[in-house]
Protein chains: 2
Amino acid sequence: MSDAPSRSIGAVGTIRQALAEQIGQGLLPPNGKLPAERRLSELFDTTRITLREALSQLEAEGLIYREERRGWFVSPARVRYNPLARTHFHAMVEAQGRTPATEVLQARLVPASGEVCALLALPALSKVIQIRRVRRIDGRQVLYVEHNLNPAYFPGLLELDLTRSLTELYAGEYGIRYGRVRFEITPIALAADAALALRAAAGSPALQITRVNRDQLDRIIDCDLEYWRHDAIQVSVEVPEQTE
Amino acid sequence: MSDAPSRSIGAVGTIRQALAEQIGQGLLPPNGKLPAERRLSELFDTTRITLREALSQLEAEGLIYREERRGWFVSPARVRYNPLARTHFHAMVEAQGRTPATEVLQARLVPASGEVCALLALPALSKVIQIRRVRRIDGRQVLYVEHNLNPAYFPGLLELDLTRSLTELYAGEYGIRYGRVRFEITPIALAADAALALRAAAGSPALQITRVNRDQLDRIIDCDLEYWRHDAIQVSVEVPEQTE
DNA sequence: GCTCCATTTTGGACTAGACCAGATTGACGA
DNA sequence: TCGTCAATCTGGTCTAGTCCAAAATGGAGC
């Protein structure tokens, strides 16, 4: 898009371009594993440190990703995500020709953290229903979510099948539909717990999306703390209509 | 927020925590420069490579940032940014008690790129008014923007003072106000041109925000390609009201 | 065919340097 | 006082390894 730098790009740049080109040509399929670091460093006739520097840059660009102690893989295309849309994860992913999956890690009633109390506008030390889940796209863990529900609106929810979409549960069991939404997006590094769930290295680049959801009566019903692998999504917000 | 890992965190982790703690305590002021890498590596009794690994992690977390060949600095607090709001950059920054500044790099009539044509819904090879600017907060370059305006709506704009807010120019000179907005947020690595303008290293983590703006008559008037230093902002979207 | 265990492979972390080029700085002269 | 230039400092890049622990693998035994 701009003029090419005339000066040499160095070994790291060479490796980066070579791998990027191979990926672009489709020679390395999405989610395919790259050769071992040692093998690649031989291939490019360099040290592992230099090679890893190049891999890190490709990771930052979102072309490849790493699974902790498991190796490097080619990033599939990003999924478009509109936090304002009321469709649930499965519908959104399937609409884009991909295969979603959800795994429940924990579901329990706990004292809310200070942050969550503030988001839900609850008094200090309130209890909330906390649900932790990992979401996959085409088998790859891309999203770690912590849902925090105001228990007043969802009696007996912990007895239900939480593998189902929460959106469906809300509507089917409680007659609650999503209304207004507020959300915040912050680029961060993955903390240990989220990293573990995503099979990523702690400190990996990620996108934190915090949502506060209201129902059709404008009551705050829950908040989600989402942690996305940074190469997995493209947030796309289209406001249907805007009133003055 | 979760249980601490019991196993040793290693040298990198130790350095990370030590620096994070010093920054948290305010011993290193925002935008203050860290000691030279060699000095820090002596201080922590390790090699520069290991030290740089720790600095990179802190960079990923958004605690520190780097200026190309100039050193490492402490990141100031993030600025909240609502891409749906119609306030301009200066107003937004000042409202948060910070000092904004804008610099115009280029302003000219050029053939639009394919991407820009698509965003503006213009036929191929259309000309657009391209304005490239760098925005600062408290002296630090945080945003590189490329505005692309449909020239049909802005005759003679290139003769005007472009240091002023575009929002003001639109309203004052052309009677055009912002209406509906669509935007996309993607975590990327900085390309060479944006990196240069932001005094960052090419490949640094960044947030790309692409906006397509319409006026009060719902005509597409321009699109912005924004590149933010990833530690500088927190995107915060509050939808005022939502119609079905 | 399946489980379990030992071996091998692989990524994670770290050491101890070197060389280069851009940025900073301070001394010198106009 | 100010601008120029040279010395110095500093980050950017790279070499050539080592040690460790987790993951993958493949074979033995049931």
Side-chain angles (χ1 to χ4, degrees), chain A residues 5-19 31-60 64-74 141 189-190 192 195-204, chain B residues 5-19 32-60 64-74 141 189-190 192 195-205:
Chain A
S6 55
R7 67 173 215 270
S8 155
I9 55 173
V12 168
T14 309
I15 299 171
R16 235 200 61 237
Q17 290 191 352
L19 288 174
N31 287 321
K33 189 178 184 306
L34 298 187
E37 291 181 359
R38 278 169 246 257
R39 223 175 304 278
L40 284 173
S41 63
E42 280 171 36
L43 182 63
F44 290 107
D45 194 34
T46 184
T47 49
R48 251 181 89 206
I49 293 214
T50 301
L51 188 268
R52 279 169 69 86
E53 176 65 25
L55 292 175
S56 294
Q57 289 199 14
L58 289 166
E59 181 188 34
I64 63 177
Y65 65 97
R66 171 189 346 204
E67 288 198 2
E68 181 80 350
R69 291 209 159 271
R70 211 163 278 113
W72 297 88
F73 304 83
V74 177
Q141 296 95 146
L190 283 180
L196 194 66
L198 294 178
R199 284 192 158 196
S204 301
Chain B
S6 56
R7 68 172 214 271
S8 155
I9 55 172
V12 170
T14 309
I15 299 170
R16 234 200 62 238
Q17 289 190 353
L19 288 175
K33 189 176 185 306
L34 297 187
E37 291 181 0
R38 277 168 246 257
R39 224 175 302 279
L40 284 173
S41 63
E42 279 171 37
L43 182 63
F44 289 107
D45 195 32
T46 184
T47 50
R48 249 181 89 206
I49 293 214
T50 302
L51 188 267
R52 278 171 68 86
E53 175 67 25
L55 292 176
S56 294
Q57 289 199 14
L58 289 167
E59 181 188 35
I64 63 177
Y65 66 96
R66 171 190 345 205
E67 289 198 1
E68 179 81 351
R69 293 202 164 276
R70 210 164 278 113
W72 297 88
F73 303 83
V74 177
Q141 295 93 150
L190 283 181
L196 193 66
L198 293 178
R199 283 193 160 195
S204 301

Item to check | Separation of atom CG in A:Leu196 from atom P in D:dA22, rounded to whole Å | outcome: 13 Å
Checklist entry - Can you name the salt bridge (charged side-chain N to carboxylate O under 4.0 Å, His left out) partners of A:Arg70, sequence neighbours left out? => result A:Glu67
Checklist outcome for this item: Letter by letter from the 5' end, nucleotides 10-15 of chain D scores (B base, S sugar-phosphate only, - none; protein heavy atoms under 4.0 Å) BBBBBB
Item to check | Which residues share a side-chain contact (heavy atoms from CB on, under 4.5 Å) with B:Ile49, sequence neighbours left out | outcome: A:Ile49, B:Thr47
Checklist outcome for this item: Interatomic distance, CD@A:Gln57 vs CD1@A:Ile64, rounded to 0.5 Å, equals 10.5 Å
Checklist outcome for this item: ring pair (Phe, Tyr, Trp, His ring centres under 6.0 Å) filter on B:Phe73, not counting sequence neighbours, yields B:Tyr65
Return all side-chain donor-acceptor pairs below 3.5 angstrom for residues 10-18 of chain B, not counting sequence neighbours, or 'none' if the list is empty.
{"unit_1": "B:Thr14", "atom_1": "OG1", "unit_2": "B:Gly10", "atom_2": "O", "d": "2.8"}
{"unit_1": "B:Arg16", "atom_1": "NE", "unit_2": "B:Glu61", "atom_2": "OE2", "d": "2.8"}

Checklist entry - Which residues pass the side-chain contact (heavy atoms from CB on, under 4.5 Å) test with A:Ala202, sequence neighbours left out? => result A:Ala195
Checklist outcome for this item: Atom CD1 of B:Ile15 and atom P of C:dC14 are separated, to the nearest Å, by 8 Å
Checklist entry - For B:Glu59, what residues pass the salt bridge (charged side-chain N to carboxylate O under 4.0 Å, His left out) criterion, not counting sequence neighbours? => result B:Arg66
Checklist outcome for this item: Between CD of A:Glu59 and C1' of C:dG12 the distance, given in whole Å, is 13 Å
Checklist entry - Could you state the CG-C1' distance from B:Leu51 to C:dA16, rounded to the nearest angstrom? => result 14 Å
Close N/O contacts between protein and nucleotides 4-8 of chain C (under 3.5 Å):
none

Checklist outcome for this item: So salt bridge (charged side-chain N to carboxylate O under 4.0 Å, His left out) across residues 40-50 of chain B, not counting sequence neighbours, yields B:Glu37-B:Arg48
